[in-house]
Number of protein chains: 2
Amino acid sequence: MPDRKVALPLSPLVQTFVLHFGEMGSRWGINRTVGQIYALLFVSERPLTADEIVDHLGLSRSNVSMGLKELQAWNLVRLQHRPGDRRDHFSTPDDIWQIVRTLAEERKKREIDPTLTMLRENLMQDAQTGEDGYAQDRLREMHDLLELLTGWYSDVQKLETERLLQLLTLGSKVQKVLEAKDRVMGLPARLRRSKAQDTEV
Amino acid sequence: MPDRKVALPLSPLVQTFVLHFGEMGSRWGINRTVGQIYALLFVSERPLTADEIVDHLGLSRSNVSMGLKELQAWNLVRLQHRPGDRRDHFSTPDDIWQIVRTLAEERKKREIDPTLTMLRENLMQDAQTGEDGYAQDRLREMHDLLELLTGWYSDVQKLETERLLQLLTLGSKVQKVLEAKDRVMGLPARLRRSKAQDTEV
DNA sequence: TGGTCTTTTCAGACATTCCTGAAAGGCCGA
DNA sequence: TCGGCCTTTCAGGAATGTCTGAAAAGACCA
């Protein structure tokens, strides 16, 4: 009779990978279990059932269920059904670029959008009052920066993978292209200043 | 006698901002206190001492000390001294672009580099063994992706702010530029495949 | 309807992180 | 060296977060 508490063996490579993802979890804003489940699905050739995950990772069934729920909330795993099988089968998208896009989108939604909303509301409300001069400038600066970044992001998110690859591979050479068309477009002036004293931290 | 537990009043605007940063802290991988301290420094026209932070936010002195230590580990605050004053004065860089660069650098260091290292080591070691075919492919795919992204990032990090702004403002128009020079440079082929079935999650 | 297989919920045990006051440490001028 | 001022360390209480087994809920078939 097999010991239900010991995980089914994984190859050393997969084992290392899964454990690493678990440990990195906290830095990525997910917990160990969720990281491990994701890692396992990522390297699995075929979709896995929740019970298979339990067997490989030695977690409780309920924990796996919650972990999968969280991964679904992140749009990071997909659910599939097999004919004649009631169980849910889980997998990650094969296309790694799709994963990057999803990750970027979800992190933006959780980490940027709320702040942008808050800044917008507060700046709109307090624009009239002249108090808080410096703080208000500072907040507007941050607001404009985030708008610029998210605007660029949404443009890039729309690119086909092929074009995105071009852009990434271009890398430093982009500088050349930019030097060619050497004209700055209309920008909020406050984002353009570069203070000399800010070189050293 | 003033109640030492009640924070010195902040303007409503600053108050909202500070509390928001505190609450977002968990999503950003820092704790509430650290978020609040950073927010306060960000909107302060002049550098603040630890005791001033205590007075404004109503935190314990030791907590502020630890929070500032963490912010320094992130390179997000700078320490200044005033002649004839022994106390440390803290501030954030004035140049908001400098802040973005620092943030990107530190997050990369904490969230990407360890994984890249782990992938490199494991792939080098297991390259010979033919086992684990799919997992190994998958890991190499992730490795190549991270290399590409960090390579691009390091190129962009080198750009002057003016050029970076150009790049960001260009946004969707970048597509046009790319269409012009329509040739894909030498890429790892496995990063280029785009599977049709991966459109739906 | 009852029986089987599967997923989800949830109370509470366990673990981790956060925060504080008290004490220790460091620096400087007298 | 002492005393004042400021910062850091640290033990342990408070607050959060994680994980589990047991029970409930849902889905399907006969």
Side-chain angles (χ1 to χ4, degrees), chain A residues 3-7 18-19 21-38 40-41 47-74 77-90 110, chain B residues 3-7 18-19 21-38 40-41 47-74 77-90 110:
Chain A
D3 182 355
R4 284 298 77 207
K5 267 325 198 187
V6 167
V18 163
L19 292 180
F21 254 61
E23 273 154 32
M24 292 300 284
S26 62
R27 305 195 187 181
W28 284 95
I30 58 174
N31 65 35
R32 186 158 33 105
T33 310
V34 174
Q36 290 184 0
I37 294 173
Y38 185 78
L40 181 62
L41 290 176
L48 301 181
T49 64
D51 280 320
E52 286 174 310
I53 297 171
V54 167
D55 291 340
H56 284 307
L57 302 181
L59 306 166
S60 75
R61 186 64 224 311
S62 52
N63 199 0
V64 169
S65 178
M66 292 196 297
L68 287 168
K69 208 173 135 204
E70 182 166 355
L71 285 170
Q72 283 176 285
W74 277 83
V77 301
R78 61 176 56 168
L79 178 63
Q80 282 160 317
H81 283 113
R82 273 168 150 51
D85 188 346
R86 272 199 223 157
R87 297 169 301 174
D88 295 338
H89 295 247
F90 298 90
R110 288 167 172 74
Chain B
D3 182 356
R4 283 297 78 203
K5 269 322 198 185
V6 167
V18 163
L19 292 181
F21 254 60
E23 274 156 32
M24 291 300 283
S26 62
R27 305 194 186 183
W28 284 94
I30 57 175
N31 65 35
R32 186 158 32 105
T33 310
V34 173
Q36 290 184 0
I37 295 173
Y38 185 78
L40 181 61
L41 291 176
L48 301 180
T49 64
D51 279 321
E52 285 174 309
I53 297 170
V54 167
D55 291 342
H56 284 306
L57 301 181
L59 306 166
S60 75
R61 186 59 190 42
S62 53
N63 199 1
V64 169
S65 177
M66 293 197 296
L68 287 168
K69 207 174 136 205
E70 182 166 355
L71 286 171
Q72 282 175 286
W74 277 83
V77 301
R78 60 175 56 170
L79 177 64
Q80 282 160 316
H81 283 114
R82 276 168 147 51
D85 188 345
R86 269 199 225 158
R87 297 170 301 173
D88 295 339
H89 294 249
F90 297 90
R110 288 166 171 74

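The chains referred to below are lettered A, B, ... by the order of the sequence lines, with proteins before strands, and numbering in each begins at 1.
Atom pair A/Leu48:CG and C/dT6:P shows a separation of 15 Å (rounding to whole Å applied). Atom-to-atom, CG of A/Leu71 to C1' of C/dT8 comes out at 16 Å; the value is rounded to the nearest Å. Atom CD1 in A/Ile30 sits about 16 Å away from atom P in D/dG17, given to the nearest Å. Distance, A/Asn63 CG to C/dT7 P: 15 Å, rounded to whole Å. The distance from atom CG of B/Leu57 to atom P of C/dC19 is 12 Å, rounded to the nearest whole Å. Separating the CG atom of A/Asp55 from the P atom of C/dT6 is a distance of 13 Å, rounded to the nearest angstrom. Atom CD in A/Glu70 sits roughly 8 Å away from atom P in D/dT18 (whole-Å rounding).
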Quiz prompt | Trace of the side-chain contact (heavy atoms from CB on, under 4.5 Å) decision for B/Asp88 with B/His81 | solution = CA-CA 6 Å; B/Asp88 295 339; B/His81 283 114; 2.7 Å; yes
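Backbone-only contact: A/Asn31 has heavy atoms under 4.0 Å from sugar-phosphate atoms and none from a base.
Between the side chain of B/Ser62 and the base of C/dG21, at least one donor-acceptor pair of N or O atoms lies under 3.5 Å.
The backbone N or O of B/Arg110 lies less than 3.5 Å from a partner atom in the side chain of A/Arg27, making a donor-acceptor pair. At distances below 3.5 Å, not a single donor-acceptor pair connects side-chain atoms of A/Glu70 with backbone N or O atoms of A/Gly67. The backbone N or O of B/Thr33 sits nowhere less than 3.5 Å from a side-chain atom of B/Gln36 that would complete a donor-acceptor pair.
Nearest-nucleotide mapping onto DNA chain C: of A/Arg32 and A/Lys69, the residue sitting toward the 5' end is A/Lys69.
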Heavy-atom contacts, protein to nucleotides 1-7 of chain D, under 4.0 Å, summarised as B (base), S (sugar-phosphate only) or - (none) per nt, yield ---BBSS
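Residues B/Leu40 and B/Ile37 fail the side-chain proximity criterion, which asks for heavy atoms closer than 4.5 Å.
Partners of B/Tyr38 by ring pair (Phe, Tyr, Trp, His ring centres under 6.0 Å), not counting sequence neighbours: none found.
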